[in-house]
Structures are given as C-alpha cells and as structure tokens.
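To find a chain, count down the sequence lines: A is the first, B the second, and so on, and within it residues start at 1.
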Number of protein chains: 2
Amino acid sequence: MTIRTEKTIVDIADELGLSVSTVSRALNDHPNISAKTKERVKKMARKLGYRPNAMAAGLRNNKSKTIGLIVPRISMFYPAAISTIIQNKLQEFGYNLIICQSNDSLEQEIALVNTLYSARVDGLAVSATLYTADFSHFDIFKQQNIPLVFFDRVPPKDYNVKVIKGDDFLGGSLATEHLIDQGCKDIVHISGPLTCNLYKERLAGYKDALQKNKLPFKKQRVFFHELTKENAWQTAEKIFSQKPYPDGVFATNDTTALTILEYCRKNGIQVPQQCKIVGYSNDPRTEIVTPSITSVDQYPTTMGERIVAALMDLIQAKHPAAYRHSQEIVPIHLVERESTAGAGKKKK
Amino acid sequence: MTIRTEKTIVDIADELGLSVSTVSRALNDHPNISAKTKERVKKMARKLGYRPNAMAAGLRNNKSKTIGLIVPRISMFYPAAISTIIQNKLQEFGYNLIICQSNDSLEQEIALVNTLYSARVDGLAVSATLYTADFSHFDIFKQQNIPLVFFDRVPPKDYNVKVIKGDDFLGGSLATEHLIDQGCKDIVHISGPLTCNLYKERLAGYKDALQKNKLPFKKQRVFFHELTKENAWQTAEKIFSQKPYPDGVFATNDTTALTILEYCRKNGIQVPQQCKIVGYSNDPRTEIVTPSITSVDQYPTTMGERIVAALMDLIQAKHPAAYRHSQEIVPIHLVERESTAGAGKKKK
DNA sequence: ATGAAAATTGCAAACGTTTGCATGATATTG
DNA sequence: CAATATCATGCAAACGTTTGCAATTTTCAT
C-alpha cells in the first residue's frame, strides 16, 4: 500500500548520467569534484526533494551522529535544565540527542544502556540512578571505546571514566556553615540514599562544617528519605514530632526544602525566626515561595556545556587511552534568601 | 587505532556453523526455527556479547524504531510534562525518542524537521513555534506517509493532519467567567502572538465569557506580549501605569500570571482583594506561591498518552488515507486557588 | 604534437541486517 | 517402503550510503 517516493542518491545519478560515487562526493563537498558538477548535483537533489538517509550513511560509516542521554527524570529541575543545554549545544554540532529517563530504576537504566548501544550512539552522557552501585552495564561502551561521560550522579573513582560533577562537599559545607553563621545551633540534615555520591558528599560537608565550628554531630539529627514529596512530608512529621525543634534544616534537595517550609507554615513554625531552611539546586520554585528559600546553585548551564565539550573532545580524539579516571568539578554557590535571614554574625 | 570487537550476527553464525539467516530468524523468534536452535543461538549471542545493530536493521526494514518530538522548549512546564510521559510510554512500545527544541524559532524548526526526516523517524510529534503560520516544511512527512501528530500548538484545519489539542476556548471562557463570578467587572487579558491558535482561542473564550455576562469587551484591556518573564514585567508596568486598575487579570500562561503577582506584591496591590489573577497550564509554581494562583489545568498526562496512542495507531494502520484532518480535544479544568478568592456569587 | 602530471569521475565492495525462495531433512501416511 | 506433507535451514539479494583504487579526461610544459 505504501507508495515509494523516497529519492535516493541513485535517482540523482541516473537523472544526471553520473555515478553514485560522484553524486555522493558532490553532496559531501569532496575536493575531487569539480565545482560545476557539485552545482548540478545539488540542484538536482533539491529538485527531486532528496533527503539523505542517515541510517544508510550511519551503517557505512559506523557512526550515527546521535548522542544518548540518560537521566533519572526530565521533569526534575536540574536534569531538565542540563538536558535543555545539551540538546541545544549538540544541535550546533550537528548531533541529535536521544533523551531517556531511567525513572531511578536500575532495571530501566540497564535496558536503556542496551538500546542506546544498539542505536549505535556516538557518545553517552549519564546521570545514574539513586541506586546504581554496580556500573558494569556501562562496560560495553568502554570496551567499544565509545565516548562515555557521567555527570552529577557518578560512579566511584575506580570505575575509570570521565566524570563531571558539582562540588557537593563544598555545597554541603557552605550550606551548613551559612546556617551556623545565621545563628543556628541545632541543625538537622535531610539526606538521600547513600548509594549515591551526591548525598554522601553533601553529608560529609555538613559534618565538616559542624566540626569546624565546634558543634556536635549527632546521628539522630540526620534523616534519610527517598527524595519524593510524600517522603519529605513524612520526614517533616518525624522531625517535628518532638521537641526541641531544630533551629536549622539543611535539605539535600529543593523539593524537600519546599516541603519542610510548607509543613512549617501549616504548623505555625516561623521561618526563618524559629527555624531556618536551606535547599539544594536553586530550583526556581525556591525563589518564588514565601519566604524564599536559600539554596545551593549548581550552574546547570555550565554543567551542560562541559558535558557537550567533553563528548565532542572524546569523539574527536578517540585514542583508546581515554579510559582513565578523570574528574572535572563544576563550581557551586550559595544563594542566600529569606529562609535563612537572621541575626547573622557576619563572616570574617 | 580502533580495535574492532563488535560482534555481528555473522560471528554467531560462524561460531555455530549456521547460516546468518538462521541466526537472524532465531534471534527474532521466527516460527520456522526449531526450539533448540533458538536456544543455541541465543546462548552464543549472550556469550559473545552480541548487540543488534539498529542501523543495519533499520536500513533493511526501512524503519528506525525511533520517534521524533519537536517542542518549543523542554524547560517549560507543560511541554516538559508531556515529553516525560511520551518518553516513558514509548519506551514501553520499544521506541526511542529524539527530543528536539525549536526554541520558538521557525528557522530551527525547519532544520529539525529535515534532520528528523533524515534520521528516518517512524513518527513525528510536534508542538509548533509561536510563529509557525506556514506548515509546508512538514509536507515531506505527509508525502512519505510517515505518522505525523500535532499537539497543543497546531496548524489550521486545512492543513490536513492529526491534531490533539486542549480546549482552549473553554479554558479561556472558564477562566474569565470565574473571575466574573468572583465579582470582577474590569478584567484585563494578557495574550500572546495571535499567529498561535492557543492564544487566539483563549482570547475568543475571554470575549465570549464577557459577552455572555453582559460585560463590555474593550480592545485596550487586551495586552499582547511574547510570553517571557521580562516582557510580562513590562506589560505589568503598562497595565498598572494608570488608573483605574483592573480588578481581574486573566493571563494566558502561568509565567505571566506569576510575574503579575510579583509585580502586585512589590507595588502594594493586594491580591486577591484589589486584583484577582488567573493563569494557564497549572504550572506547579502557581500552587506554592503566596497567594496561590488559580490556573487552568491541561492534563499533560492525558495529552502525552493520547499522542503516543495516536502515533502507535498510525504506525500500525498505515493506510495512506490517514491524512485527513482529525482533531482530538483533551479536556481542561479550572483549579481555583487563593488568587481569585472573593465575595464569590456562587455559580448557579 | 607528445608525454606526463593533475584533475575528475567511475567501479565495486562493504557496512549488518532481513526475507523470498529454494533446498534439504524429517515425519507422516497408505 | 515409497510418496507426500511438514519442518528446518541456507542462498543471495536488497536497503542507501561511502571510499580505496582504477580509469578516464583535462591541463600544461616541452
């Protein structure tokens, strides 16, 4: 039933009495082809409505001009912001982007790695699942020497691979220190699964800041949950189920910070007077809520640009030696807002 | 320098002393192949670490198992929410998704259509640019009978194609009527470029509601801008540059509504007492801001699911007759919040 | 005009699959 | 046991490009 009307390079060749090789070279501006032949060919291509078949070219060249991206979910602010940048940047380089979501499921992540490999993407950028501890399903990419870049949620150092991440230790420490500077003495930290480097490092930063400021680290003042809104609400209930209330909360993501704020507002706990709050990622929502929430900005634009730069680098170079561990750190900075306003002994 | 280690179907055949055709059929569970051969082949495939080459298969079959998606930008709530759903749904059907952003540039949109065609996507879903009036660059897809679905921002009826859209007329009218019900007499509407069906229809809904309630439609109470935050702020300044202030504002998107609220708060205009506000899309930000903003929910999940359903339908059926105009309407509903609380003569 | 160098074009194989048709092997029937 | 039906496998072409090498044409100095 399908009416074949797709024009190929062969049609152009026939029409012009040329060989397919000449047509191919003409379309690709090969130096061996005379200017006037190129013109003739291109004109005919336009006339026939010819569009190159990327799959055929890809098969022959063993490259797809396509990059794969795996993120937990594209509806979350930080990965969404990064995806946007990556997509736009890659477009400039003539690459397509296949965006996939693991939905934080290891099983889905594994499946995606395989389909993206099957699609023969020329490179892969990944922010792993919360629970990815074993990274061996990414081995094919290393074996076949296909550019592979991890960002944000990354594997441990011994999984030799290119890594671009934020300075989560510094972020955790700055956030905590800021709360201390604003007068907090009893700071709760809400963390995530420690399988994930992010939360481990932010927690370490939190500990470090307490220590440097001679405040005790208390195990029971650290809460763990799985970073959904529902869980955050439960954690809030736990935190405020008994006195004394903390005078500061450092949440490891903004959704949690927003939920804590909501809980406080609904339960008459004054923010920032009674309890100060800091979040992480500088989600736009933290800015518009009342009071606005102090948060750690992760420069998603920089992150996205660096990811693309790294991929393009690896694609160009492509000497098999590329698979050593190499880590790039994207800076962070604290955006101070109303949720941490206070007496504020100023920083020295 | 590259070490070829990619295993192909030929390697499996050699290893087992079978022909490639048998291997191919075995891997695809063709009925003509005996159970034990299938087992042997699959086992060897696993052992060799074989991964199918999607490009080779695609070239042969003339299908890529890939769908293209073009949206203005994936960082905006509504398209982002839809993309999420589409991606997850397609994954279930074994399709990859190439997400592209036109950045509301017609030029980029045209380029994207061509690359996606070159990639030989098996289907294309599009939410057009604000300024796309001529849709002829999508003609190739129609000519080649490749499933094509427009959603949200869609072409006019005479561009015979499958269309899935929200009920924007109803949305505009419900929003306006709600403001009237809450006691507003002088309602400003902030619209977008009328090249885009969405804004035209919401505006029509606004007019209709005024008329039905015997309120005058005044041209100078409708403002047009390009829906960025900066422009929204300028529009706010224009609106409140002279008295009388409007007692209601119906903004055609949430970013604008949020900006109007911000302006009001900074300038001591009480919301909702002095001025009520309604937005469009039910962006999560409208819920958390103070006061929370009434907005029109567009059921992005439903939209995403319908898009995928439509694409899969077209892919299955594929009788060339598919290119008649066909329109599907996704319902909307008004989510009432604090920004329109008021006397409220209740609806009959 | 001659020959060699330079510029342009063509031939044919290859990329990794899938599939119509033919062939070979096994089972079934009278 | 032959003849036939059924099942399992193989052959070879095709999908639309790209590219090394060979062949042809043009250019240019002698």
Nearest whole Å is fine: how far is D:dT9 C1' from B:Leu27 CG?
15 Å
Quick check on contacts: within residues 35-60 of chain A, what sits under 4.0 Å from DNA chain C by heavy-atom distance?
A:Thr37, A:Leu59, A:Arg60
Looking at A:Asp11 and A:Thr8, would you say the former's side chain and the latter's main chain have a donor-acceptor pair under 3.5 Å?
yes
Go through it in stages, so that I can follow the logic: the residues are A:Lys162 and A:Glu328, the test is salt bridge (Lys or Arg N to Asp or Glu O under 4.0 Å), and I'd like the CA-CA distance, side-chain angles, deciding distance and then a yes or no.
CA-CA 8 Å; A:Lys162 175 86 189 177; A:Glu328 214 173 299; 2.9 Å; yes
So, does B:Asn61 get its side chain near the phosphate of C:dT17, meaning an N or O under 4.0 Å from OP1 or OP2?
no
Flag the pair B:Glu6 and A:Arg120 as a salt bridge only when some basic side-chain nitrogen lies within less than 4.0 angstrom of an acidic carboxylate oxygen.
yes
If you take any heavy atom closer than 4.0 Å to DNA chain D, which residues from residues 8-23 of chain B end up in contact?
B:Gly17, B:Leu18, B:Ser19, B:Ser21, B:Thr22
Rounded to the Å, how far apart are B:Asp29 CG and C:dT17 P?
16 Å
Rounded interatomic separation in angstrom, taking CD1 from A:Ile33 and P from C:dA7:
14 Å
Can you name the nearest heavy-atom pair linking A:Arg73 to A:Pro79, along with the distance?
O-CG, 3.4 Å
Determine whether a donor-acceptor pair (N or O, by modelled atom type, separation under 3.5 Å) exists between the side chain of A:Thr129 and the backbone of A:Thr132.
no
Rounded distance in Å - CG (B:Asn62) to C1' (D:dA14):
12 Å
Contact class for A:Ser34 vs. all strands (heavy atom < 4.0 Å): base, sugar-phosphate, or nothing?
sugar-phosphate
Whole Å only: how far is the NE2 atom of A:His30 from the P atom of D:dT19?
8 Å
Name of the residue among A:Leu116, A:Ile98, A:Asp122 meeting side chain to side chain contact (heavy atoms under 4.5 Å, CB included) with A:Thr66:
A:Ile98
Would you please confirm or rule out a distance under 4.0 Å between OP1 or OP2 of C:dT9 and any side-chain N or O of A:Asn32?
no
Of the candidates D:dC21, D:dT18, C:dT18, the side chain of A:Ser24 sits closest to D:dT18
So for atom NZ, which belongs to B:Lys63, do other residues, nucleotides or ligands contribute more than 12 heavy atoms lying within a distance under 6.0 Å?
no
Below 4.0 angstrom, N of the basic side chain to O of the carboxylate: do B:Glu92 and B:Lys89 qualify?
yes
Is any side-chain N of the basic residue among A:Arg306 and A:Asp313 closer than 4.0 Å to the acidic one's carboxylate O?
no
When the distance from CZ of B:Arg120 to C1' of D:dT17 is rounded to whole Å, what number comes out?
11 Å
